[in-house]
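Beneath this line is the structure, given in structure tokens, with notes to follow.
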Amino acid sequence: MSKSFSTFGLAVSAVVLTCLPAAAQTKVTNDGISASEIVIGTHQDLSGPIKGWGVPVSNGMKMAVEEINAAGGVQGRKIKLVVEDSGYDPKKAVLASQKLIERDKIFAMVGPMGSPTVLAAQDILLDAGVLQLFPLTAAEFTFKFDPAKPQERLKFNNLLPYVESTRAALKYMIEAKNFKKPCILHQDDEYGKNVLDGFNQQLTAMKLQPASITSYKRGASDFSAQVAKMKSDGCDLVVLGAVLREPIGTMGEAKKLGWDVTFLGATPVNVLEVPALGKEVVEGLYSASNFEIPYEDTAKGKVKDWLVNYKKMFNADANTQAIIGYNAVMTFAHYANKAGKDLTGQKMLDELESGDKFQDIFNSPPTVFSKTNHLATTVTQVQQVKNGRWVLVKDNLMF
């Protein structure tokens with residue numbers, strides 16, 4: 001039993017044991033399940049530096065819950081979603097997770113936000129037997145698990161991982177554009193480290209040396225020193241292990257210096273807000289991505305209807321983040337429904353590992369897990385900002 005379990009005094013009243021091939025046992029809670037309801041929780045940044053992610057993600061989750069419940073729920077049970085604000089602060093994420101487990105008695109944590117925040121609270125969830133499903137971070141710790149540590153079996157991720165997607169996009173850019181002096185600017189946390197790992201791994205595989213490796217503190221707004229350094233180092237391609245505001249600030253600083261260099265963002269850069277807020281500053285920006293961003297004036301069928309309904313519900317245009325939040329709950333509902341009327345933690349875990357596929361309405365790669373693989377996909381796209389919109393440049397990339 002980990003120290004965090006005893007420290008926080010988590011009361012897990014309903015825990016079942018699931019057998020693994022090596023005879024290790026995974027405990028999974030049955031809390032949050034009643035005859036009429038399934039309680040799930042999430043923590044999002046609703047007030048901090050990446051609330052541009054957290055707010056639409058939580059909106060997308062709420063939209064999915066409303067649709068599912070309006071259609072009769074999951075095997076007759078309505079989903080209850082409890083949302084907590086972490087402010088993108090690891091300490092607040094820990095407190096939020098403790099509250100969701102102890103007071104709200106959640107069955108699963110679905111779509112929690114951010115690498116540092118998810119990492120800080122992860123052991124608390126696993127010790128309590130709570131499934132950690134489809135977090136809003138593609139860091140490796142959210143899906144890689146050690147069979148010798150049975151509680152790690154409760155981690156599943158359906159996002160494109162940062163290491164693999166960075167490698168695939170970087171490989172494509174170097175081969176297609178013949179860059180010779182790539183460099184990286186990354187956030188100094190678990191997310192940034194994953195992007196840096198992908199950057200270093202791919203350059204090693206291609207027998208190239210980085211021209212510059214530079215970082216910034218999470219929440220920073222001034223990138224003048226970093227940009228000046230990268231320019232002096234002669235970089236011809238800048239990989240951005242950034243989120244939303246930082247690509248705009250970095251590219252704006254480059255333009256001030258008259259530095260004409262190509263930028264490639266990691267997957268969190270691939271959001272509508274970047275071209276909407278950055279405008280001409282971010283024209284030409286490339287980014288790794290998992291699916292094509294739909295626009296209301298060109299979308300068709302179910303996607304068109306979804307965009308229209310989202311705007312009616314929240315008086316705002318839907319974006320990448322809203323889609324990811326929506327899909328997190330829809331994916332949960334798919335596997336909970338497959339688990340049947342007699343839903344338990346063990347049955348949910350078994351269904352997640354069954355190999356059954358979930359396909360969303362946005363034509364993303366299908367979600368499918370197994371007993372040995374808790375990551376859904378590594379298929380990468382590269383998109384570019386052209387005339388204020390993200391457009392597909394290359395699809396089906398693997399490193």
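When reading the values below, keep in mind they use all heavy atoms of this one structure, side chains included, and skip hydrogens, waters and symmetry mates. We're numbering straight along the sequence, starting at 1. This is a predicted model, so every value here is computed, not measured.
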> In terms of side-chain geometry, is the basic nitrogen of K338 or D356 positioned less than 4.0 Å from the acidic oxygen of its partner?
Replying inline: yes
>> Please determine whether side chain to side chain contact (heavy atoms under 4.5 Å, CB included) holds for the pair V163 and E140, giving the CA-CA distance in whole Å, both sets of side-chain angles, and the decisive distance to 0.1 Å.
In response: CA-CA 8 Å; V163 173; E140 291 185 333; 3.6 Å; yes
>> Testing the basics here: between Q321 and G52, what is the closest heavy-atom pair and its distance to 0.1 Å?
In response: NE2-O, 2.9 Å
> Heavy atoms, side chains only, cut-off 4.5 Å: are F362 and W306 in contact?
Replying inline: yes
>> Minimum heavy-atom separation for P116 and R218, please, with both atom names.
In response: CG-NH1, 3.6 Å
>> Taking atom CD as the centre, does E66 end up with more than 12 heavy-atom neighbours from other residues, nucleotides or ligands that are less than 6.0 angstrom away?
In response: no
> Quick one: OG1 on T137 to CZ on F143, what's the gap to the nearest 0.5 Å?
Replying inline: 9.0 Å
>> Quick one: does any side-chain atom of E175 pair with a main-chain N or O of Y172 as donor and acceptor, under 3.5 Å?
In response: no
> Going by heavy atoms in the side chains, are H186 and F199 under 4.5 Å from each other?
Replying inline: no
> Just by distance, with hydrogens left out, do S287 and S289 show a side-chain donor and acceptor under 3.5 Å apart?
Replying inline: no
Determine all donor-acceptor pairs shorter than 3.5 Å in which one atom belongs to a side chain in residues 256-263; sequence neighbours excluded.
none

>> Treating K279 as the side-chain partner and G388 as the backbone partner, does any N or O pair qualify as donor plus acceptor under 3.5 Å?
In response: no
> Do you reckon L397 sits in the same ILVMFWY cluster as L160, going by side-chain contacts under 4.5 Å, direct or chained?
Replying inline: no
> Any Lys/Arg nitrogen of K92 or D85 sitting under 4.0 Å from an Asp/Glu carboxylate oxygen of the other?
Replying inline: no
> Between atom CE of M230 and atom NZ of K181, what is the distance when rounded to the nearest 0.5 Å?
Replying inline: 13.5 Å
>> So that I can tick it off, tell me whether E283 and K386 are bridged by a salt bridge, with the cut-off set at under 4.0 angstrom between side-chain N and carboxylate O.
In response: no
>> Distance check, rounded to the nearest 0.5 Å: M398 atom CE versus K171 atom NZ?
In response: 11.0 Å
>> Atom CG of residue position N363 - does it have more than 12 heavy atoms of other residues, nucleotides or ligands inside 6.0 Å?
In response: no
> Taking E246 for the side chain and L244 for the main chain, is one N or O donor matched with an acceptor at less than 3.5 Å?
Replying inline: yes
> Sub-3.5 Å donor-acceptor pair from the side chain of K155 to the main-chain atoms of K144, do we have one?
Replying inline: yes
> Could K193 and D197 be called an ion pair, given the rule that one side-chain N must be under 4.0 Å from one carboxylate O?
Replying inline: yes
> So, does E84 use its side chain to make a donor-acceptor pair with the main chain of H43 at under 3.5 Å?
Replying inline: no
>> I want to check something: taking the side chain as every heavy atom from C-beta on, are L352 and L133 in contact at a cut-off of under 4.5 Å?
In response: yes
>> Going by the rule side-chain contact (heavy atoms from CB on, under 4.5 Å), which residues pair with A205 if we only count those two or more places apart in sequence or in a different chain?
In response: R167, Q202
> Do I323 and F291 pass the side chain to side chain contact (heavy atoms under 4.5 Å, CB included) test, and can you show the C-alpha distance, the side-chain angles, and the key distance before you say yes or no?
Replying inline: CA-CA 10 Å; I323 290 171; F291 56 85; 3.6 Å; yes
>> Could you check whether F156 and H374 have their ring centres less than 6.0 Å apart?
In response: yes
> Which is it for Q75 and L343 under the side chain to side chain contact (heavy atoms under 4.5 Å, CB included) test, yes or no, and what are the steps along the way?
Replying inline: CA-CA 9 Å; Q75 297 285 354; L343 177 65; over 6 Å; no
> Where is the tightest heavy-atom contact between V94 and A120, given as atom of each residue plus distance?
Replying inline: CG2-O, 3.5 Å
> How about D360 and S364: does a side-chain donor come under 3.5 Å of a side-chain acceptor?
Replying inline: yes
> To the nearest 0.5 Å, what is the distance between NZ (K80) and OG (S36)?
Replying inline: 10.5 Å
>> I need the L81 CG to K62 NZ distance, nearest 0.5 Å.
In response: 7.5 Å
> Between T204 and N200, is there a donor-acceptor pair closer than 3.5 Å when you use the side chain of the first and the backbone of the second?
Replying inline: yes
> Would you say the side-chain atoms of E292 and Q381 include a donor-acceptor pair closer than 3.5 Å?
Replying inline: no
> Run the side chain to side chain contact (heavy atoms under 4.5 Å, CB included) check on I174 and M206 step by step: do they pass?
Replying inline: CA-CA 9 Å; I174 290 174; M206 301 180 82; 3.7 Å; yes
>> Show the nearest heavy-atom pair for residues A299 and L307, with the distance to one decimal.
In response: CB-CD1, 3.7 Å
> Is a side-chain N or O of K231 found less than 3.5 angstrom from the main chain of Q226, in a donor-acceptor match?
Replying inline: no
> With sequence neighbours left out, which residue pairs that include part of residues 219-254 fulfil the ring-ring contact (aromatic ring centres under 6.0 Å, His included) condition?
Replying inline: Y216-F223
> Are side-chain heavy atoms of N59 and Y310 found at a separation under 4.5 Å?
Replying inline: yes
> With a 3.5 Å cut-off and no angle check, do the side chains of E164 and T166 form a donor-acceptor pair?
Replying inline: no
> Yes or no on side-chain hydrogen bond (donor to acceptor under 3.5 Å, both in side chains) for N30 and T344, after CA distance, side-chain angles and deciding distance?
Replying inline: CA-CA 6 Å; N30 289 330; T344 64; 4.7 Å; no
>> Is it the case that atom NZ in K394 sees more than 12 heavy atoms from other parts of the structure closer than 6.0 Å?
In response: no
>> I'd like to know if the side chain of H334 and the backbone of K357 have a donor-acceptor N/O pair within less than 3.5 Å.
In response: yes
> Between R153 and D146, is the closest basic N to carboxylate O distance under 4.0 Å?
Replying inline: no
>> Under 4.0 Å between a side-chain nitrogen and a carboxylate oxygen: does that hold for K51 and D45?
In response: no
>> Would you say that E37 contacts I79 through its side chain, given a criterion of any heavy-atom pair below 4.5 Å between the two side chains?
In response: no
>> Could you tell me if the side chain of N309 sits less than 4.5 Å from the side chain of M63, heavy atoms only?
In response: yes
> Do S215 and D188 get their side chains close enough for a donor-acceptor pair, meaning under 3.5 Å?
Replying inline: no
>> Counting C-beta onward and ignoring hydrogens, is there a side-chain heavy-atom pair between K311 and D317 closer than 4.5 Å?
In response: yes
> Does a side-chain heavy-atom distance below 4.5 Å link I68 with V74?
Replying inline: yes
>> With a 6.0 Å cut-off (strictly less than), is the heavy-atom count around NZ of K229, excluding the residue itself, greater than 12?
In response: yes
>> Ignoring hydrogens, what is the shortest heavy-atom contact between P365 and T377? Give both atom names and the distance.
In response: CB-OG1, 3.6 Å
> Passes ring pair (Phe, Tyr, Trp, His ring centres under 6.0 Å), W390 versus Y295? Steps please.
Replying inline: CA-CA 10 Å; W390 288 104; Y295 290 89; 9.7 Å; no
> Hey, are K347 and E351 close enough for a salt bridge, meaning a charged N less than 4.0 Å from a carboxylate O?
Replying inline: no
>> Centre-to-centre under 6.0 Å for W53 and Y88, is that the case here?
In response: no
> Does Q384 reach the main-chain N or O of G284 with its side chain, forming a donor-acceptor pair under 3.5 Å?
Replying inline: yes
> Distance from S354 atom OG to F369 atom CZ, nearest 0.5 Å?
Replying inline: 10.5 Å
> Counting only N and O atoms by type, is there a donor-acceptor contact under 3.5 Å from the side chain of Q151 to the main-chain atoms of K27?
Replying inline: yes
